[in-house]
Number of protein chains: 2
Amino acid sequence: MNERLPVQGAQGDLLRLVATGKAESRADLARLSGLAASSVSLRVEELIDAGLLAEEGSGASRGGRRPRRLRLSPTAGVLAVADLGAHHVRLGLLDLSGTPLVVEERSCEIADGPRATLDRIADAFDELVAAHVPAGVPIRGVGTGIPGPVDPATRRVVTPSRMPGWNDFLVADHLASRYDLPILVENDANLMAAGEARWWPDHENLMVVKAGTGIGCGVIVNGRLHRGRGAAGDISHVRVRSDSSVICACGHPDCLEAYASGAALMTALSEAGIKVTRPADIVGLVHDAVPEATSLVRNAGRRIGEVLTVLVNFFNPDVIAVGGSLSAAEPLITSIRAAVWERCLPLATRDLEIAPARAGRDAALLGAGALLLEAALTET
Amino acid sequence: MNERLPVQGAQGDLLRLVATGKAESRADLARLSGLAASSVSLRVEELIDAGLLAEEGSGASRGGRRPRRLRLSPTAGVLAVADLGAHHVRLGLLDLSGTPLVVEERSCEIADGPRATLDRIADAFDELVAAHVPAGVPIRGVGTGIPGPVDPATRRVVTPSRMPGWNDFLVADHLASRYDLPILVENDANLMAAGEARWWPDHENLMVVKAGTGIGCGVIVNGRLHRGRGAAGDISHVRVRSDSSVICACGHPDCLEAYASGAALMTALSEAGIKVTRPADIVGLVHDAVPEATSLVRNAGRRIGEVLTVLVNFFNPDVIAVGGSLSAAEPLITSIRAAVWERCLPLATRDLEIAPARAGRDAALLGAGALLLEAALTET
DNA sequence: GTCACTTCCTTCGATTTCGAAGATAGTCCG
DNA sequence: CGGACTATCTTCGAAATCGAAGGAAGTGAC
């Protein structure tokens, strides 16, 4: 039921191109892969025989013979992916092209420790597979997002805050003891960035900011996730310019998170006598034009924007995609834009897009799918 | 006399591995290139026949037969490289492995405009070639560094400050009219980063800070220069936290450059009645333990370090190499280190090295050589 | 409809690349 | 100094890849 993908050599590249939607025909594959058309035909033949690809009707003509459209076979396999939060886990099954077959959310206390939590996720995977995957369709990979830093070398959780019992835990090894498959363990903001990247196909350098309870950020460089030492993309503990002085949970004064995160805004609102329980409530207040909320969100956007100016000058991204529950509040993005436009170098902002994230709520799951496909295709 | 490198297919990879010093024998090449040992032998044979590689004695044994050492043939060709400053140009000839054959500095006013300046460089190249290159050894590429932003797509100079007449000038095209060869035009800090990268062979992610009259920075991601839209790496116009308010030449208040550049330090020293004419003079004052100078340098280091904290958290480099004339002042690097260690996330600084640049004065020329070799090997 | 043209895909001989086996040339140790 | 071992490099048949040519299946103009 669980098998590694039986691909070798150039087959992997071709399968990837079809799975990511970049190629739909043998001709596309020849153009994009650099292989000779004849070699492509041979490999595609093998992939069809292996049950990984399928021919399905024909595509639109580009002025000549219509291409025979290639698709991933529905029996090619599924990926089991999860995104772990503090009090719940979002999980689902994807086909190899990253399309969700089923997604659901379950409650789950991360404070219960890694073993209990991961077993809970694995049990949920088993249930979903039993309910939604026909017999004979194998699982090809298992992945999960973690709300804390993950060392890319050892794939263990390192110095997480609010995750008691997880420090130095070898998440990948524990999952590997249950699944003999490619295993992905990655920071949740990084997964979100990887998922978002698919929606910006012609853009090589992205920053994806997640504005929710905390402030996360993932970076795509040259189309690939930049991990650094595992903390890459962190912007929440940058010092902001401020008159007063607030000590952040990390011990340093005046972190961005202490001023502009959903948690900080909720504290400020409740001090003003306005009751909110989730960051999404703030969006509602902004839509209802509650002045305190709008002003707070605008302020948060300006602060985030000011931090981004440094990074835009340095990194010159093509796109800054803003996601997370707070991103639905329009003033947030508007004021981020204003701060960046005002202060950055013209060359850096010339073609820069600052826009709401496109991938939606399942961004992290989609990102896990994208990275898992990559892992399944290269590690053979 | 000027010819493109006659390499095709896998030959390029092999030549690059030898030129960059990563491989010295056929066995090295087989290991590093992923090709079969037999294929490597065939290609090497061709490269030797083409006069690009040469066999030279044998290397050290690793417990078995000694390898036959491969070297670039001295007749393989030379690269002509320059690094343009405001009032002078440093230029030289390198062999294909990036070793300087001759380097010299000439005065040259960038304000004379692009045509006069570039022709002056090209004339200098011709003189150097006539004097130092035996007949029959071809030029394989021409490159120059520019003290301003270069659009990587069109390779034209964009919105430079202090370079009258250069805006939108197509530097590469102008050089191409004189040399039918691979042409490189790149920002000088980027070249310096590319040159420095060779001295940190096992490090994939570098920031190279150039602390001189101005403050430049180049970024190496995954071993390759990150260009962004042409301004990537800029850190000089980041806003710093400050009580007073200084307007920078760029029009914005409190840019890092206005506080921590060599130019700013010189202004502050002369206001204190201490006369200096070049940033290097400041280093002398620090060595002589002049308290005003030491204090200023320490302050500048702290400010630069504070900006770097943001970038270290975000980018997680393996190394920050500090070069430029000011970097010879020890307190500069010490205080950069202190600021970064204090404020950054532990995961980001765990194995981070902050060290003086290793490539020396010719870093930019070496970088130009490295990038030109790349261009000469891939563009065929 | 037919003719010129374009794109898609396959066939087939030529070329390149591979990999196993072997020749070559060392080291290390008793 | 001889034998076991290791690493380097080459030889040669097998397998993969290529590219030119051609068939298949369209579009668009007249």
Side-chain angles (χ1 to χ4, degrees), chain A residues 5-18 21-50 52-73 377-378 380, chain B residues 5-50 52-73 377-378 380:
Chain A
L5 275 171
V7 294
Q8 44 185 322
Q11 291 180 352
D13 288 328
L14 301 183
L15 196 57
R16 182 199 346 264
L17 286 167
V18 175
K22 287 178 186 150
E24 272 200 339
S25 65
R26 291 165 175 78
D28 285 347
L29 286 171
R31 276 189 292 269
L32 292 169
S33 70
L35 297 177
S38 47
S39 308
V40 168
S41 275
L42 284 173
R43 300 293 146 262
V44 167
E45 193 69 32
E46 291 166 6
L47 288 168
I48 291 176
D49 288 346
L52 296 177
L53 282 186
E55 270 185 351
E56 187 201 77
S58 50
S61 165
R62 306 197 316 167
R65 172 177 172 175
R66 281 200 297 248
R68 291 155 71 184
R69 179 180 287 161
L70 296 172
R71 287 233 161 163
L72 274 179
S73 162
L377 288 178
T378 52
T380 315
Chain B
L5 276 171
V7 293
Q8 44 185 325
Q11 291 179 352
D13 289 328
L14 300 183
L15 196 57
R16 183 201 343 267
L17 286 167
V18 175
T20 55
K22 289 177 185 149
E24 272 200 339
S25 66
R26 292 165 175 79
D28 285 346
L29 287 172
R31 275 188 293 270
L32 292 169
S33 70
L35 297 177
S38 48
S39 308
V40 168
S41 274
L42 284 173
R43 301 292 147 261
V44 166
E45 193 68 35
E46 291 167 5
L47 288 168
I48 291 176
D49 287 347
L52 297 176
L53 282 185
E55 270 184 351
E56 187 201 76
S58 48
S61 165
R62 307 198 313 167
R65 172 176 172 176
R66 281 201 296 248
R68 292 155 72 184
R69 179 181 287 161
L70 297 172
R71 287 236 160 160
L72 275 178
S73 162
L377 288 178
T378 53
T380 315

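By convention in this document, chain letters (A, B, ...) are assigned in the order of the sequence lines, proteins followed by strands, and residues within each chain are numbered from 1. Below, each value reflects all heavy atoms present in this structure, side chains not excepted, and no hydrogens, waters or symmetry copies.
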Approximate separation, where rounding is to 0.5 Å, of [X] [atom1] and [Y] [atom2]:
{"X": "A:Asp28", "Y": "A:Leu17", "atom1": "CG", "atom2": "CG", "answer": "9.0 Å"}
{"X": "B:Leu5", "Y": "B:Gln11", "atom1": "CG", "atom2": "CD", "answer": "10.5 Å"}
{"X": "B:Leu53", "Y": "B:Leu14", "atom1": "CG", "atom2": "CG", "answer": "8.0 Å"}
{"X": "B:Arg65", "Y": "B:Ser25", "atom1": "CZ", "atom2": "OG", "answer": "11.0 Å"}
{"X": "A:Glu56", "Y": "A:Ser73", "atom1": "CD", "atom2": "OG", "answer": "10.5 Å"}
{"X": "A:Asp13", "Y": "A:Leu29", "atom1": "CG", "atom2": "CG", "answer": "10.0 Å"}

Using whole Å, report how far [atom1] of [X] lies from [atom2] of [N].
{"X": "B:Arg62", "N": "C:dT27", "atom1": "CZ", "atom2": "C1'", "value": "13 Å"}
{"X": "B:Arg31", "N": "D:dA7", "atom1": "CZ", "atom2": "P", "value": "9 Å"}
{"X": "B:Gln8", "N": "C:dT16", "atom1": "CD", "atom2": "C1'", "value": "12 Å"}
{"X": "B:Glu46", "N": "C:dT16", "atom1": "CD", "atom2": "P", "value": "8 Å"}
{"X": "A:Leu42", "N": "D:dT17", "atom1": "CG", "atom2": "C1'", "value": "9 Å"}
{"X": "A:Asp13", "N": "D:dT17", "atom1": "CG", "atom2": "P", "value": "11 Å"}
{"X": "A:Glu55", "N": "C:dC8", "atom1": "CD", "atom2": "C1'", "value": "12 Å"}

Q. Closest approach of B:Ser58 and B:Arg66, non-hydrogen atoms and distance?
A.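 The answer is OG-NE, 3.5 Å.
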Q: Taking all non-hydrogen atoms of both residues into account, name the closest pair between A:Arg26 and A:Ile48 and its distance.
A: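 So the minimum-distance heavy-atom pair works out to NH2-CD1, 4.0 Å.
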Under 4.0 Å: is that the gap between some side-chain N or O of [X] and OP1 or OP2 of [N]?
{"X": "A:Ser39", "N": "D:dC18", "answer": "yes"}
{"X": "A:Arg68", "N": "C:dT7", "answer": "no"}
{"X": "A:Arg43", "N": "D:dT17", "answer": "yes"}

**Q.** First of A:Leu35 and A:Ser61 reached from the 5' end of DNA chain D, by closest nucleotide
**A.**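 Between the two, 5'-proximity favours A:Leu35.
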**Q.** Whichever of A:Gly63 and A:Ala37 has its nearest DNA chain D nucleotide further upstream toward 5'
**A.**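 The residue mapped nearer the 5' terminus is A:Ala37.
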Q) Given side chains that start at C-beta, do those of B:Glu46 and B:Val7 come closer than 4.5 Å, heavy atoms only? A)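 B:Glu46 vs B:Val7: side chains apart.
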Q.
What I'd like to find out is whether the side chain of A:Leu15 reaches to under 4.5 Å of the side chain of A:Leu72, using heavy atoms alone.
A.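 A side-chain contact exists here, since the closest heavy-atom pair is under 4.5 Å.
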Write down the protein N/O and nucleotide N/O pairs, taken from nucleotides 22-25 of chain C, whose separation is under 3.5 Å; answer none if there are no such pairs.
| from | atom 1 | to | atom 2 | distance (Å) |
| --- | --- | --- | --- | --- |
| C:dT24 | O2 | B:Arg65 | NH1 | 2.9 |
| C:dA25 | N3 | B:Arg65 | N | 3.4 |

Q: Without swapping roles, check the side chain of B:Ser39 against the backbone of B:Leu35 for a donor-acceptor pair under 3.5 Å.
A: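 Here the side-chain-to-backbone pair does not exist.
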Q: Go through DNA chain C and write down every stem, that is, every run of at least three consecutive Watson-Crick or G-U wobble pairs with distances under 3.5 Å, as range with range.
A: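 When the pairs of DNA chain C are grouped into runs of at least three, the stems are C:1-7 with D:24-30, C:9-30 with D:1-22.
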Q. Looking at DNA chain D, which of residues 18-29 of chain B put a heavy atom within less than 4.0 Å of it?
A.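 Heavy-atom contacts with DNA chain D come from B:Ser25, B:Arg26, B:Ala27.
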**Q.** Ion pair B:Arg68/B:Glu24, N-O distance below 4.0 Å
**A.**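 No salt bridge links B:Arg68 with B:Glu24.
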